[in-house]
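Keep in mind it's a predicted model, so treat the numbers as computed, not measured. When a residue number appears, it is its place in the shown sequence, counting from 1.
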Amino acid sequence: MSEKDNLLQADGKLENQSTENSAKTEEKTVTEPTENQEIPESQDEVLNEIEAVNAEDAEDEDTKGRHEIEVKDYHAMELEDLVAELEKLVNDEKAQAIKTHVEDIRAEFKTKFNVLLEDKKEEFLNEGGNEIDFHYSSPIHKQFKETYFVYRDKLKTHYQSIEKNHKDNLAERLRIIEEIKGLINVEENINTTYKYFKELQEQWRNAGAIPRDKYNNAWNTYHHHVEIFYDFLHLNRDLRDLDFKHNLDQKLKIIERAEELAQDDNLNRAFRELQVLHKLWKEDLGPVAKENRDEIWNRFKAATKIIHDKRQDYFKDLDKIYELNLETKHAIISKIEAISKQPVKSHSAWQNKIKEIETLRKEFFSAGKVPVKVNEATWSKFKDVVRDFNRNKNAFYKDLKKEQHNNLDKKLALIKIAEENKDSEDFETTTPLMKKIQNEWKNIGHVPRRDSDKIWKQFKGACNHYFNKFHATKDAENKESLEVYNKKKELLDNMKTLEMSGDNKQDLQLIKDHIAQWKALGAVPQNKRYIEGKYGKALDALFDALKMDKEEAEMIKFENKLENLSNANDSRFLDNERSFIRKKIDEVKGEINQLENNLLFFKHVKDDNPLVKEVYKNIEKHKSTLALWKTKLSKIKELY
């Protein structure tokens, strides 16, 4: 079996290399593995992982930056945030460096948008639509697709540009390997051969990127033949030993740095730098003396294993965190399920529940990742309980819309009545009818929002048209009483600015004169009777300013009030006043009885005791109040 078959059997895609090798070369390949030969996965999984990442970086120098681009928690993002993050990455970073980020965002967006799509479809079906007719167009989905296509175009353009370079670079590296292999059998001055060997090494360093699936085999073959060259270099050992010493010094520095990284608690940073150290070891440095090769390689592997083991422990701890996240998400799912089962009867209650579900939904996405093995099941359960809630909500609003459409029909019927009667001049019949349909309107309830303002303006317009005409007619009929209203309004304004002289008798006469003027003016229109209330308040203010017996002032005001009540068309006002006075009389009598009963507790106490005196004082005060109420009652009885 040729040396090529021994070294490159793992990847038959490398281009044909020369199979002409010496017997010694075959023996070396079979019996003495070097530090740079591929390590079986069963021995060192971490080396395979490092080599795979370095191979990817080596394929395209621009992909190295992907390690420094932050990977955010896309699971916790809403659709709008995912699109914004995608746009930022596509605009700010190189397409080949964000492949993992973009695919994670795409997967998350697709999952969440499908949930939204299912909800919209269910709403459509609940409203009576046919499934075959369902179509949902979302601006955010269109924005995502456009941005993703920009990314794919950039990525495609990039790979097309480097594909030919990779092929040429691979051919160049294979040529260099063949040149180095051929140096073993060259019969010329060893110094010349060594110098040419160093030139070939420099050419190798500058040969450029190659496909990642060719990377490890190409490098292993290269290093293998470099070591063979050094091992078979019999003359000018000083040059060889100088190279060996330099490479040993540099590799020891790499080992020392790896051992420092083994103590670093920032595992991601340590692992990233470890990858760089392996790349330096493999790509920038040549072999060392045979007696040192196994020792330094084993030492480097030992430091690498420590970092790898710590990283594995970190991932185990991460799994524990994922389990806690899983518990949190299960609790959120249970809460949503419980809310979904609660009976809800009103729009406002549903709005509160919708806010609760939205809060829980955000908490679910913010809870973090769960173990991969249960991720799909957890997500599926979450979708199911949210869908159940939405089904109940949609069913409620479907019934609510039906009710609102019924309400719309009722209100349209009232509009028809209002518009048919808005020009009626039969005020005695039509006025009660218009008031009746106004009350019915208030009690009907909500209609679809899109119709609400329109029909209200239509109904209000018809009612206002009628009542404006009604009031205009009544104002014309009550022109004389309207003039009374205007005069009373003028007199009221005058009373508000009245100033008391301080002479009680003179001021009282002034008030009585104003009362007489007010009575002499007569009645105002029914819809203007509110001025009587304003007049009463103005009169109270004038009496309050007088320095006279309060009972006398109270009776003057009361007699004036009685006259207004007796002149009203509705006798119920007078009846209500009489009932009010009787109620007050009963209340005062009750207070007096209570106070007299309290005196029984003081029957052995002298009358000059302060507490006893206070009780007697209150009794007299209430008797005086009782007498005033009785006087008012007698006055009101005279009117019957």
Output for pair (His446 NE2, Glu403 CD), nearest 0.5 Å, gives 9.5 Å
Here the pair of heavy atoms bringing Leu116 nearest to Leu79 is CD2-CD1, 4.0 Å
Q.
When you compare the side chains of Trp629 and Glu587, does any donor N or O come within less than 3.5 Å of an acceptor on the partner?
A. no
Please assess His465 against Asp423 for the test side chain to side chain donor-acceptor pair (under 3.5 Å), listing each intermediate value before the final yes or no.
-> CA-CA 8 Å; His465 178 85; Asp423 293 317; 2.6 Å; yes
TODO: If the plane angle is over 60° it's perpendicular, under 30° parallel, otherwise tilted; pick one for Phe364 and Phe382.
DONE: parallel
Nearest heavy-atom approach of Met434 to Ile437 is O-CG1, 3.2 Å
Within 45° of the ring axis of Trp441 and under 6.0 Å from its six-membered ring centre, is that where the NZ or CZ of Lys411 lies? yes
Margin query: In the structure I gave you, are the side-chain heavy atoms of Phe543 and Leu508 within less than 4.5 Å of one another anywhere?
Written below: yes
When you measure from the centre of the six-membered ring of Tyr466, is the NZ or CZ of Lys422 closer than 6.0 Å and no more than 45° off the axis? no
Taken to the nearest 0.5 Å, the spacing of Ile339 CD1 from Asn352 CG works out to 11.0 Å
Exercise. If you draw a 6.0 Å radius around NZ in Lys489, do more than 12 non-hydrogen atoms from other residues or ligands fall strictly inside?
Worked result: no
More than 12 foreign heavy atoms under 6.0 Å from NZ of Lys528: is that the case here?
yes
Test salt bridge (charged side-chain N to carboxylate O under 4.0 Å, His left out) applied to Lys381 and Glu376, step by step
CA-CA 9 Å; Lys381 179 62 175 175; Glu376 188 61 36; over 6 Å; no
message = Contact between Val615 and Leu611 at the side-chain level, heavy atoms closer than 4.5 Å - yes or no?
response = no
Can a side-chain donor-acceptor contact be found between Asn486 and Glu490 if the only test is distance below 3.5 angstrom?
no
The single option from Phe109, Phe149, Phe113 that satisfies ring-ring contact (aromatic ring centres under 6.0 Å, His included) with Phe144 is Phe109
- Message: Under 4.0 Å between a side-chain nitrogen and a carboxylate oxygen: does that hold for Asp388 and Arg391?
- Response: yes
Between Ile455 and Leu412, the two heavy atoms sitting closest are CG2-CD2, 4.1 Å
Between the side chains of Gln143 and Glu80, is a donor N or O closer than 3.5 angstrom to an acceptor N or O?
no
By ring pair (Phe, Tyr, Trp, His ring centres under 6.0 Å), His622 pairs with (sequence neighbours left out) none
- Message: Using a 3.5 Å distance criterion without hydrogens, assess whether the side chain of Thr429 forms a donor-acceptor pair with backbone atoms of Asp426.
- Response: no
So does Lys112 have more than 12 non-hydrogen atoms from other groups sitting under 6.0 Å from NZ? yes
Salt bridge or not between Arg387 and Asp384? Use side-chain N to carboxylate O under 4.0 Å.
yes
Practice item. List the steps and the verdict of side-chain contact (heavy atoms from CB on, under 4.5 Å) for Ser137 and Lys142. Key: CA-CA 8 Å; Ser137 177; Lys142 180 181 178 183; over 6 Å; no
message: Lys584 vs Lys632, test: side-chain contact (heavy atoms from CB on, under 4.5 Å). Steps then yes/no.
response: CA-CA 11 Å; Lys584 296 303 291 185; Lys632 287 184 177 182; over 6 Å; no
Side chains of Ile105 and Glu85, heavy atoms from C-beta outward: is any pair under 4.5 Å?
yes
Query raised in the report: Does Thr625 use its side chain to pair, donor to acceptor, with the backbone of Lys621 at less than 3.5 Å?
Result: yes
**Report entry** Glu425 and Lys469 ion-paired at < 4.0 Å
**Finding:** yes
Strictly below 4.0 Å, N to O, side chains only: are Glu532 and Lys488 in salt-bridge contact? yes
Problem - Close side-chain approach of Asp451 and Gln404, heavy atoms under 4.5 Å - result: no
Scanning both residues in full, the closest heavy-atom pair of Thr147 with Glu87 reads OG1-CG, 3.4 Å
- Taking the six-membered ring for Trp, are Tyr148 and Tyr151 parallel (under 30°), tilted (30 to 60°) or perpendicular (over 60°)? tilted
| said: Please determine whether a side-chain nitrogen of the Lys or Arg among Glu577 and Arg582 lies less than 4.0 Å from a carboxylate oxygen of the Asp or Glu. | reply: no
Between Ser624 and Glu620, is there a donor-acceptor pair closer than 3.5 Å when you use the side chain of the first and the backbone of the second?
no
Kindly check if the number of other-residue, nucleotide or ligand heavy atoms within 6.0 Å of CD (Glu499) is above 12? no
Quick check: do Phe389 and Ile354 have side-chain heavy atoms less than 4.5 Å from each other? yes
### Message
For the NE2 atom on His471, are there more than 12 heavy atoms of other groups (residues, nucleotides or ligands in this structure) within a distance under 6.0 Å?
### Response
yes
Step-by-step side-chain contact (heavy atoms from CB on, under 4.5 Å) determination, Lys589 to Lys623 = CA-CA 8 Å; Lys589 284 181 177 179; Lys623 285 181 177 180; over 6 Å; no
Q. Within the side chain of Asn392, is there an N or O that forms a donor-acceptor pair under 3.5 Å with the backbone of Ser340?
A. yes
Correct closest heavy-atom pair for Leu491 and His514 would be CD1-CD2, 3.5 Å
- Query: Does any donor atom in the side chain of Gln509 or Asp513 lie under 3.5 Å from an acceptor atom in the other side chain?
  - Reply: yes
Atom NZ of Lys110: over 12 foreign heavy atoms under 6.0 Å:
no
Smallest heavy-atom separation, Phe459 atom then Ile415 atom, equals CB-CG1, 3.8 Å
Discussion item. Could you go through Lys72 and Met77, starting from their C-alpha distance and side-chain angles, then the distance that decides it, and tell me whether this counts as side-chain contact (heavy atoms from CB on, under 4.5 Å)?
Written reply: CA-CA 9 Å; Lys72 298 183 179 179; Met77 292 185 179; 3.8 Å; yes
Inset, instruction - Walk me through it: do Asn421 and Ser424 pass the test side chain to side chain donor-acceptor pair (under 3.5 Å)? - result: CA-CA 5 Å; Asn421 291 275; Ser424 173; 5.1 Å; no
Notebook entry, point to check: Are Glu483 and Lys487 within salt-bridge range, i.e. N to O under 4.0 Å?
Noted result: no
Between Lys353 and Glu358, does any NZ, NE, NH1 or NH2 come within less than 4.0 Å of an OD or OE carboxylate oxygen? no
Interatomic distance, CD1@Ile444 vs CG@Asp409, rounded to 0.5 Å, equals 10.0 Å
When you check the side-chain N and O atoms of Ser501 and Asp507, is any donor under 3.5 Å from an acceptor? yes
TODO: Measure the acute angle between the ring planes of Phe365 and His75, then classify it against the limits of 30° and 60° as parallel, tilted or perpendicular.
DONE: perpendicular
Practice problem: Measure from the side-chain N and O atoms of Lys329 to the backbone N and O of Lys369, and report whether any donor-acceptor pair falls under 3.5 Å. | Solution: no
Considering only heavy atoms from C-beta outward, does the side chain of Glu440 approach that of Lys410 to under 4.5 Å? no
How about Lys401 and Pro448: do any of their side-chain heavy atoms sit closer than 4.5 Å?
no
CD1 (Ile531) and CH2 (Trp518) are apart, to the nearest 0.5 Å, by 4.5 Å
Student check: side-chain heavy atoms of Asp493 and Thr497 closer than 4.5 Å: no
### Query
In terms of side-chain heavy atoms, does Asn375 have a donor or acceptor partner in Thr378 at a distance below 3.5 Å?
no
